[in-house]
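All remarks here apply to the structure that follows.
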Amino acid sequence: MTLTEYRECLAIARRHARNATEAADLLQEALLAGIQAGRLEFASDADRAWLAGTVRNIAAETARGESRRRLRDTRWAAEQPTEATAVQP
């Protein structure tokens, strides 16, 4: 992969990320998935489209996971006793 191709792929990831660090992480995961799937040449339109879809799917999975984690943490915090409701020994 040339530097130009990498930058184009990173631009795809940036569209689905909240910041540059998240975009780099998304791209890294997508490139690993590409290697595992035997897609090694992202200069072609077909492989670039595959990469864009993979980045989009990974970003969606990550967002769902974060949403579930926030919900779980909020529920857990709501279940914890406060000083007013804590049982004194």
All salt bridge (Lys or Arg N to Asp or Glu O under 4.0 Å) counterparts of Arg18, not counting sequence neighbours: Glu22, Glu66
Residue set satisfying salt bridge (Lys or Arg N to Asp or Glu O under 4.0 Å) with Glu61, at least two apart, ordered chain then number -> none
Distance from Thr62 atom OG1 to Asp25 atom CG, nearest 0.5 Å? 9.0 Å
Give the minimum heavy-atom separation between Cys9 and Leu27, together with the two atoms involved. CB-CD1, 3.7 Å
With sequence neighbours excluded, tell me which residues meet salt bridge (Lys or Arg N to Asp or Glu O under 4.0 Å) with Arg14. none
Per the side chain to side chain donor-acceptor pair (under 3.5 Å) rule, what does the pair list look like for residues 27-39, sequence neighbours excluded? Arg39-Asp47
If you compare all heavy atoms of Ala23 against all heavy atoms of Ala17, which two are closest, and at what distance to 0.1 Å? N-CB, 3.4 Å
Do any side-chain atoms of residues 48-59 form donor-acceptor pairs under 3.5 angstrom with protein atoms, and if so which ones, sequence neighbours left out?
| from | atom 1 | to | atom 2 | distance (Å) |
| --- | --- | --- | --- | --- |
| Arg48 | NE | Phe42 | O | 3.3 |
| Arg48 | NH2 | Glu8 | OE1 | 3.4 |
| Arg48 | NH2 | Phe42 | O | 3.3 |
| Arg48 | NH2 | Ala43 | O | 3.0 |
| Thr54 | OG1 | Trp50 | O | 2.9 |
| Asn57 | ND2 | Gly53 | O | 3.3 |

Does Asp45 have more than 12 heavy atoms from other residues, nucleotides or ligands lying within 6.0 Å of its CG? no
